[in-house]
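Data first, discussion second: the structure below is written as C-alpha cells.
Owing to the predicted nature of the structure, the values given are computational and were not obtained by experimental measurement.
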Amino acid sequence: MCRYGMVVYKVHYVCVPCRQSHKYPWDDREHLCPRCRTPMTYAGHDFAAPRRGDDRRWAAVAAVLAAGLRYEGFEPCGCGQDPKYRPRTGPEVRARRRAGAREGLTDAQSLSLRDVSDAPPQPPRDRRSP
C-alpha cells in the first residue's frame with residue numbers, strides 16, 4: 001500500500017532569517033512567514049527544524065536550501081526510498097564543499113554526499129613536463 005496514497009500530508013516550509021518552520025498543505029500557494037511576511041521556502045516532508053538558538057545547524061539548513069536541495073526521503077507517492085543525507089552542521093557543510101571543489105562537483109551534489117570520501121575519484125592528470 002502506498003504510504004501517502006490515502007492521506008494528504010502537510011509539508012514543511014521554512015523561514016531561515018526568522019528561524020521558523022511551519023507545516024502547510026502542499027499546494028501552489030505562496031506561504032508567508034507569520035513573523036516577517038516574506039515567502040517561506042519549501043523544505044520537504046522530512047525536515048526537522050533545529051532549535052532557534054542553534055546557529056551551526058541553521059547555517060547548514062540555509063546552505064542546503066540555497067543549493068536547491070530539500071529534505072525529502074520519499075518519492076511523491078512515498079514508496080520505496082530511504083531518507084537522503086543532508087549535512088547538519090557548518091563543519092559538515094564546509095567539508096563537503098571542499099571535497100566537491102576538489103572533485104569538480106556542483107554545490108548540490110557535494111552537499112548530498114553521505115561521506116566526504118563518497119566523492120567520485122578524479123581522473124589522473126598527465127604530470128609529464130614539456
Nearest heavy-atom neighbours spanning [X] and [Y]:
X: Arg35; Y: Cys18; value: NH1-O, 3.6 Å
X: Asp107; Y: Ala67; value: OD2-CB, 3.9 Å
X: Ser112; Y: Arg86; value: CB-NH1, 3.7 Å
X: Gly100; Y: Ser110; value: CA-CB, 3.6 Å
X: Val14; Y: Ala43; value: CG2-CB, 3.5 Å
X: Pro87; Y: Leu111; value: CD-O, 3.2 Å

Suppose the criterion is salt bridge (charged side-chain N to carboxylate O under 4.0 Å, His left out): which pairs have a residue in residues 8-26, not counting sequence neighbours?
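Listed by first then second residue: Arg19-Asp55.
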Using the test side chain to side chain contact (heavy atoms under 4.5 Å, CB included), find all partners of [X] that sit at least two apart in sequence or belong to another chain.
X: Gln109; result: Leu105, Thr106
X: Arg29; result: Asp27, His31
X: Thr89; result: Arg56, Arg57, Pro91, Glu92

Set of side chain to side chain donor-acceptor pair (under 3.5 Å) partners for Tyr13, sequence neighbours left out:
none
Listed partners of Arg70 passing side chain to side chain donor-acceptor pair (under 3.5 Å), at least two apart
none
In Å, rounded to the nearest 0.5 Å, how long is the span from NE2 of His12 to OH of Tyr42?
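If we round to the nearest 0.5 Å, His12:NE2 and Tyr42:OH are 9.5 Å apart.
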Taking Trp58 for the side chain and Arg51 for the main chain, is one N or O donor matched with an acceptor at less than 3.5 Å?
yes
In the structure I gave you, are the side-chain heavy atoms of [X] and [Y] within less than 4.5 Å of one another anywhere?
X: Cys36; Y: Cys15; value: yes
X: Thr38; Y: Pro17; value: no
X: His45; Y: Trp26; value: yes

